[in-house]
Amino acid sequence: MKIFAISGSPNREGNTCTYGNHVIEAAKKNGAEVEEVNIYDFNITDVWENYFGDALFNKFEKAGSDDMPLLKDKMMSADIILLITPIYWCQMTGKMKTFVDRWTDTINLDFSSDLGGKGLALVSTHSGMNQMNSSNVLQTAMDNTAVFLGMTWLGGIDGASKMEITSGMNEGHEIIAKDFGAKLARGENLLGMKVVGGE
Ligand SMILES: Cc1cc2nc3c(=O)[nH]c(=O)nc-3n(C[C@H](O)[C@H](O)[C@H](O)COP(=O)(O)O)c2cc1C
């Protein structure tokens with residue numbers, strides 16, 4: 001199984017990368033080939049006026065020489081796209097959102113997407129405060145995004161950061177992350193159902 005793992009945290013040794021690494025290491029241990037990048041290392045042009053219309057006709061001149069063609073190639077060569085992001089104001093980080101906005105680049109005139117058939121999975125971290133923890137909201141948003149793009153939603157896991165008033169992550173989070181990584185390596189969703197790739 002080929003997994004393209006994209007971290008959307010500016011903190012390279014922070015909560016999100018630490019948690020995401022448990023998933024990635026378990027996936028590798030179970031035979032997956034994982035390519036890892038941090039989205040902050042890439043130049044991604046914001047969408048522009050009439051972008052959706054331009055994208056349908058593959059007109060990307062206004063993007064200049066940004067890194068989206070490279071990122072698209074990496075996505076196209078993977079079976080599973082794994083997004084790893086902290087929750088910033090109830091959403092993914094801004095840079096990660098700009099990247100996802102540009103997935104419109106993959107949509108064709110019949111509204112199919114070149115990402116169709118691939119798996120989509122999510123790892124997110126948050127404050128641990130119930131009122132602010134919107135990982136479930138982001139999971140639903142990405143599930144809906146997967147449906148629109150004809151991708152297969154593999155599920156999302158989340159963990160909390162350690163603060164004065166929150167518990168932080170514990171052994172249980174690590175077990176869930178490692179289990180998810182092993183499942184992704186087998187093309188399984190969070191429930192253990194084989195949904196990506198052949199035998
Ligand atoms: C700009 C910003 C916005 C945040 N918004 C939220 C939020 O809406 N809900 C929440 O639970 N945590 C929020 N947090 C907390 C982070 O999601 C959390 O601390 C995360 O684990 C940080 O990951 P990192 O160590 O990779 O930076 C926010 C943090 C920042 C910096």
Side-chain angles (χ1 to χ4, degrees), residues 3-30 32 34-47 66-68 70-71 74-75 78 80-103 119-148 153-185 189-190:
I3 300 176
F4 182 39
I6 306 120
S7 170
S9 177
N11 296 322
R12 287 157 201 271
E13 288 171 20
N15 214 31
T16 313
C17 291
T18 304
Y19 197 38
N21 281 341
H22 289 312
V23 179
I24 290 170
E25 290 313 314
K28 285 183 185 167
K29 212 170 156 186
N30 284 273
V34 185
E35 178 167 13
E36 302 167 56
V37 299
N38 187 303
I39 206 66
Y40 283 86
D41 291 331
F42 295 87
N43 170 27
I44 305 170
T45 304
D46 289 335
V47 303
D66 76 354
D67 292 323
M68 263 321 277
L70 174 70
L71 289 164
K74 290 181 187 300
M75 285 199 285
I80 293 173
I81 314 291
L82 171 63
L83 299 182
I84 303 168
T85 182
I87 296 293
Y88 277 7
W89 295 113
C90 310
Q91 251 290 352
M92 61 183 73
T93 58
K95 183 91 186 191
M96 186 74 112
K97 183 62 166 62
T98 300
F99 170 55
V100 173
D101 285 351
R102 289 291 305 279
W103 289 7
L120 179 63
L122 176 72
V123 173
S124 58
T125 70
H126 49 79
S127 64
M129 290 186 281
N130 281 343
Q131 198 181 352
M132 298 276 292
N133 169 9
S134 300
S135 285
N136 57 342
V137 176
L138 182 56
Q139 285 166 19
T140 302
M142 296 322 292
D143 184 351
N144 290 353
T145 301
V147 169
F148 187 85
W153 175 240
L154 299 172
I157 60 167
D158 60 278
S161 53
K162 176 105 185 86
M163 296 194 294
E164 296 282 315
I165 52 166
T166 60
S167 63
M169 282 189 261
N170 56 37
E171 242 175 68
H173 289 92
E174 200 175 315
I175 290 168
I176 289 168
K178 288 178 175 167
D179 176 65
F180 194 33
K183 283 172 172 160
L184 294 181
N189 64 15
L190 200 49

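Reckoned from all heavy atoms, side chains included, excluding hydrogens, waters and symmetry mates. For ligands, and for the atoms within them, numbers begin at 1 and follow the listed sequence. A quick note: this is a predicted structure, and the numbers were derived from the prediction, not measured.
- For ligand 1, the polar-atom distance check against Cys90 finds a nitrogen or oxygen pair separated by under 3.5 Å.
- By the 3.5 Å distance cut-off applied to N or O atoms, Asn11 is counted among the residues near ligand 1.
- The ligand atoms of ligand 1 that sit less than 4.0 angstrom from a heavy atom of Gly14 are 25 (O).
- In summary, the side chains of Thr125 and Ser161 do not present any donor paired with an acceptor at a separation below 3.5 Å, with no hydrogens or angles considered.
- If you check which protein heavy atom lies closest to atom 17 (O) of ligand 1, you get Ile87 O, 2.6 Å.
- Counting only heavy atoms from C-beta outward, the side chains of Trp153 and Thr145 never approach each other to under 4.5 Å.
- Only side-chain heavy atoms of Ser9 come within less than 4.0 Å of ligand 1; its backbone N, CA, C and O stay farther off.
- At least one side-chain heavy atom of Ile39 sits less than 4.5 Å from a side-chain heavy atom of Ile44.
- Looking only at protein heavy atoms, the nearest one to atom 31 (C) of ligand 1 is Tyr88 CE1, 3.6 Å.
- Minimum interatomic distance between Ala26 and Ala182 (heavy atoms only, all atoms of both residues): CB-N, 4.0 Å.
- For the pair Thr93/Pro86, a side-chain contact is recorded, criterion being any heavy-atom separation below 4.5 Å from C-beta on.
- The protein heavy-atom contact nearest to atom 20 (C) of ligand 1 is Thr125 OG1, 3.2 Å.
- Among all protein heavy atoms, the one lying closest to atom 19 (O) of ligand 1 is Ser161 OG, 3.1 Å.
- Residue Val123 forms a side-chain contact (heavy atoms from CB on, under 4.5 Å) with just one option from Thr85, Asp158, Leu82, and that option is Leu82.
- Phe99 places a side-chain heavy atom less than 4.5 Å from the side chain of Met75.
- Between Met68 and Thr45 there is no side-chain heavy-atom pair separated by less than 4.5 Å.
- What sits closest to atom 5 (N) of ligand 1 on the protein, heavy atoms only, is Trp89 N, 2.7 Å.
- Under the 4.5 Å side-chain criterion, counting only non-hydrogen atoms from C-beta, Thr166 is in contact with Met129.
- Per-residue contacts place Ser127 under 4.0 angstrom from the following atoms of ligand 1 (heavy atoms of the residue considered): 10 (C), 11 (O), 12 (N).
- Scanning the protein for heavy atoms near atom 22 (C) of ligand 1, the closest one is Pro86 CB, 3.8 Å.
- For ligand 1, the atoms closer than 4.0 angstrom to any heavy atom of Asn133 are 11 (O).
- With hydrogens left out, the protein atom closest to atom 24 (P) of ligand 1 is Thr16 OG1, 3.4 Å, a heavy atom.
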- Query: For Lys29 and Glu25, what are the C-alpha separation, side-chain angles and deciding distance, and is it a salt bridge (Lys or Arg N to Asp or Glu O under 4.0 Å)?
  - Reply: CA-CA 6 Å; Lys29 212 170 156 186; Glu25 290 313 314; over 6 Å; no
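- Considering backbone and side-chain N/O atoms, Cys17 never comes within less than 3.5 Å of an N/O atom of ligand 1.
- Protein heavy atom nearest atom 7 (C) of ligand 1, with residue, atom name and distance: Met132 CE, 3.4 Å.
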